[in-house]
Number of protein chains: 2
Amino acid sequence: MTNNLKKLKQVLAKEGLRFTCQREEVWKEILSSGEHRDADEIYHSLREKGISVSRATVYRTIDVLVKYNMVRKLDVGVGPSKFEHKIDISHHDHIICMKCGKIEEFVVNQIENLQERVAEQYSFKLVRHIHQLFGICKDCQ
Amino acid sequence: MTNNLKKLKQVLAKEGLRFTCQREEVWKEILSSGEHRDADEIYHSLREKGISVSRATVYRTIDVLVKYNMVRKLDVGVGPSKFEHKIDISHHDHIICMKCGKIEEFVVNQIENLQERVAEQYSFKLVRHIHQLFGICKDCQ
DNA sequence: CTTAACTTGAGACTCATTATCAATAAGGAT
DNA sequence: ATCCTTATTGATAATGAGTCTCAAGTTAAG
Ligand SMILES: [Zn+2]
Ligand SMILES: [Zn+2]
Ligand SMILES: [Zn+2]
Ligand SMILES: [Zn+2]
């Protein structure tokens with residue numbers, strides 16, 4: 001935890017940004033959950049805890065965290081983007097139920113490797129990828 | 001061509017919708033290009049050809065075409081969604097340059113198969129998938 | 001403690017897309 | 001062909017996620 005705060009401080013320093021309690025709270029809030037939440041959910045969760053922060057600051061802080069790979073942005077095809085922290089969490093992709101919105105995580109190393117090869121083939125320097133499977137989950141079928 | 005118009009008529013009939021010249025023109029416009037274009041580009045292209053159609057109708061028609069798998073919607077991570085027709089075009093995914101926006105297409109059958117297995121594993125009935133690699137293309141590096 | 005520079009938050013704004021609704025067009029029945 | 005009912009169109013308003021603005025408040029270097 002203290003370790004993660006240090007990480008935030010370092011990143012802010014690297015960006016020439018100041019360490020403020022709002023940024024700290026946003027980061028702690030994102031760290032506190034393993035869910036995939038949108039900016040507004042994060043904002044409201046903070047508000048409910050009595051922490052005064054604005055939507056703008058939530059978005060601004062998330063931007064930095066995403067840039068430094070501490071948070072992942074997830075476009076789920078409809079509605080707002082979702083976010084999840086990447087601390088102690090290995091890379092995974094998502095399979096999403098189109099009816100109930102349930103999100104499950106999966107990893108297939110073979111796919112990850114094949115992606116790298118595609119990038120090489122097209123002479124792209126790979127930065128990130130989106131791999132999302134949309135379907136109907138067992139409960140909704 | 002006539003074949004594709006028939007397809008549109010069938011689809012509209014199935015949906016209880018009427019076959020109108022606007023819908024026909026939108027479909028023909030999308031068919032006429034192999035590019036990945038957004039709704040506004042399609043709209044303007046029609047306008048330039050002197051075809052009177054509104055943005056709303058372009059969006060509405062695309063919705064139906066996407067629903068019936070005649071057009072694919074492509075979320076490129078920034079800006080408006082892009083569309084491409086799926087007639088005589090086999091499935092492919094996309095590798096996108098984050099600087100210049102260039103879009104290349106790729107297919108790896110092994111990945112496609114692995115996806116199916118993931119869906120099975122999670123008891124999802126797979127409907128569609130997004131697989132997009134974001135990076136920097138050779139020219140932009 | 002001062003001061004310059006950065007950050008915050010309320011609200012205005014943007015942009016893509018969707019909704020509204022009066023006017024128009026389609027197409028089945030006669 | 002002419003009605004007549006219903007669907008469609010398009011101009012415009014509305015929406016929703018996210019960004020921008022700027023005055024007021026904080027931060028931290030000196
Ligand atoms: Zn992956
Ligand atoms: Zn996840
Ligand atoms: Zn694929
Ligand atoms: Zn394509």
Side-chain angles (χ1 to χ4, degrees), chain A residues 5 8-30 36-67 71-83 101, chain B residues 5 8-30 36-67 71-83 101:
Chain A
L5 275 191
L8 177 61
K9 268 183 191 159
Q10 285 167 8
V11 155
L12 292 174
K14 218 176 290 176
E15 282 285 291
L17 299 171
R18 289 177 183 166
F19 180 80
T20 66
C21 60
Q22 283 89 342
R23 302 216 242 240
E24 177 182 341
E25 292 295 349
V26 171
W27 178 221
K28 286 200 298 190
E29 179 60 38
I30 293 173
H36 304 86
R37 294 187 295 170
D38 63 42
D40 232 52
E41 285 164 351
I42 292 162
Y43 167 75
H44 280 114
S45 186
L46 284 166
R47 258 28 219 344
E48 274 163 31
K49 289 173 184 167
I51 292 159
S52 169
V53 69
S54 68
R55 241 173 281 260
T57 296
V58 171
Y59 276 109
R60 283 188 289 232
T61 304
I62 287 175
D63 280 349
V64 179
L65 297 171
V66 168
K67 178 169 179 188
V71 162
R72 173 133 81 134
K73 182 176 179 173
L74 206 72
D75 188 330
V76 293
V78 68
S81 296
K82 308 246 177 189
F83 302 95
Chain B
L5 275 192
L8 177 61
K9 267 184 194 161
Q10 285 167 8
V11 156
L12 291 174
K14 217 175 292 175
E15 281 286 291
L17 300 172
R18 289 175 182 168
F19 180 79
T20 67
C21 59
Q22 284 91 338
R23 302 215 243 241
E24 178 183 343
E25 292 296 347
V26 171
W27 178 222
K28 286 200 301 189
E29 178 59 40
I30 293 173
H36 304 86
R37 294 187 295 171
D38 63 42
D40 230 53
E41 284 163 351
I42 292 162
Y43 167 74
H44 279 114
S45 187
L46 284 165
R47 263 13 219 354
E48 274 162 31
K49 289 172 184 167
I51 293 158
S52 169
V53 68
S54 68
R55 240 175 284 260
T57 296
V58 170
Y59 276 109
R60 284 188 288 232
T61 305
I62 287 175
D63 280 350
V64 180
L65 297 172
V66 167
K67 178 169 179 188
V71 162
R72 173 134 80 133
K73 182 175 180 174
L74 208 72
D75 187 331
V76 293
V78 69
S81 296
K82 308 248 176 187
F83 302 95

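We name chains A, B, ... by the order of the sequence lines, and we start the count at 1 in each one.
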(Q) Output one letter per nucleotide in nucleotides 19-30 of chain D: B when a protein non-hydrogen atom lies under 4.0 Å from the base, S when only the sugar-phosphate is that close, - when neither is. (A) BBB----BBS--

(Q) Tell me whether A/Glu25 contacts the main-chain N or O of A/Gln22 through its side chain, where contact means a donor paired with an acceptor under 3.5 Å. (A) no

Q. Does a nitrogen or oxygen in the side chain of A/Ser81 sit under 4.0 Å from OP1 or OP2 of D/dA17?
A. no

Q. Salt bridge (Lys or Arg N to Asp or Glu O under 4.0 Å) with B/Lys49: which residues, sequence neighbours excluded?
A. B/Glu29

Q.
If the condition is side-chain contact (heavy atoms from CB on, under 4.5 Å), which residues does B/Ser81 pass it with, not counting sequence neighbours?
A. B/Lys73, B/Phe83

Q) Counting just side-chain N and O atoms, does B/Ser54 come under 4.0 Å of either OP1 or OP2 of D/dT9? A) no

Q. Picking from D/dT9, C/dT7, C/dG9, which would you name as closest to the side chain of A/Thr57?
A. C/dG9

Q: Check the distance between D/dA17's P and A/Phe83's CZ and give it to me in whole angstrom.
A: 12 Å

Q. Does A/Ser52 have a side-chain nitrogen or oxygen under 4.0 Å from the phosphate oxygens OP1 or OP2 of C/dG9?
A. yes

Anything under 3.5 Å between a donor and an acceptor, one on a side chain of residues 13-21 of chain B, the other on a protein residue two or more places apart or in another chain? List them.
{"unit_1": "B/Glu15", "atom_1": "OE1", "unit_2": "B/Lys67", "atom_2": "NZ", "d": "3.3"}
{"unit_1": "B/Glu15", "atom_1": "OE2", "unit_2": "B/Lys67", "atom_2": "NZ", "d": "3.1"}
{"unit_1": "B/Glu15", "atom_1": "OE2", "unit_2": "B/Tyr68", "atom_2": "OH", "d": "2.7"}
{"unit_1": "B/Thr20", "atom_1": "OG1", "unit_2": "B/Arg23", "atom_2": "N", "d": "3.2"}

Q: May I have the distance from B/Leu8 (atom CG) to C/dA26 (atom P), rounded to whole angstrom?
A: 14 Å

Q) Out of curiosity, A/Glu41 CD to A/Ile30 CD1, how far, rounded to the nearest 0.5 Å? A) 12.0 Å

Q) Atom OH of B/Tyr43 to atom P of C/dA16: distance rounded to whole Å? A) 14 Å

Q) What is the distance from atom OH of B/Tyr43 to atom CD1 of B/Ile51, rounded to the nearest 0.5 Å? A) 12.5 Å

Q. Short question: side chain of B/Thr61, backbone of B/Thr57 - any donor-acceptor pair under 3.5 Å?
A. yes

Q: Sequence neighbours left out, what passes salt bridge (Lys or Arg N to Asp or Glu O under 4.0 Å) with A/Asp40? Give chain and number order.
A: A/Arg55

Q: Would you mind reading off the distance between B/Glu41 atom CD and C/dA16 atom P, rounded to a whole angstrom?
A: 10 Å

**Q.** Rounded interatomic separation in angstrom, taking CD1 from B/Ile42 and C1' from C/dT17
**A.** 14 Å

Q. Quick one: side chain to side chain donor-acceptor pair (under 3.5 Å) partners of B/Ser52, sequence neighbours excluded?
A. none

**Q.** Between C/dT17 (P) and B/Asp75 (CG): distance, integer Å
**A.** 9 Å

Q.
Whole angstroms only, please: what is the CG-C1' distance between B/Leu17 and C/dA25?
A. 15 Å

Q.
Between the opening five pairs and the closing five pairs of the helix from C/dC1-D/dG30 to C/dT30-D/dA1, how far apart are the helix axes, to 10°?
A. 30°

Q) Given that B/Thr61 and A/Pro80 both sit by DNA chain D, which one's nearest nucleotide is further toward the 5' end? A) B/Thr61

Q. B/Glu24 has an atom CD; how far is it from atom C1' of C/dA26, in whole Å?
A. 14 Å

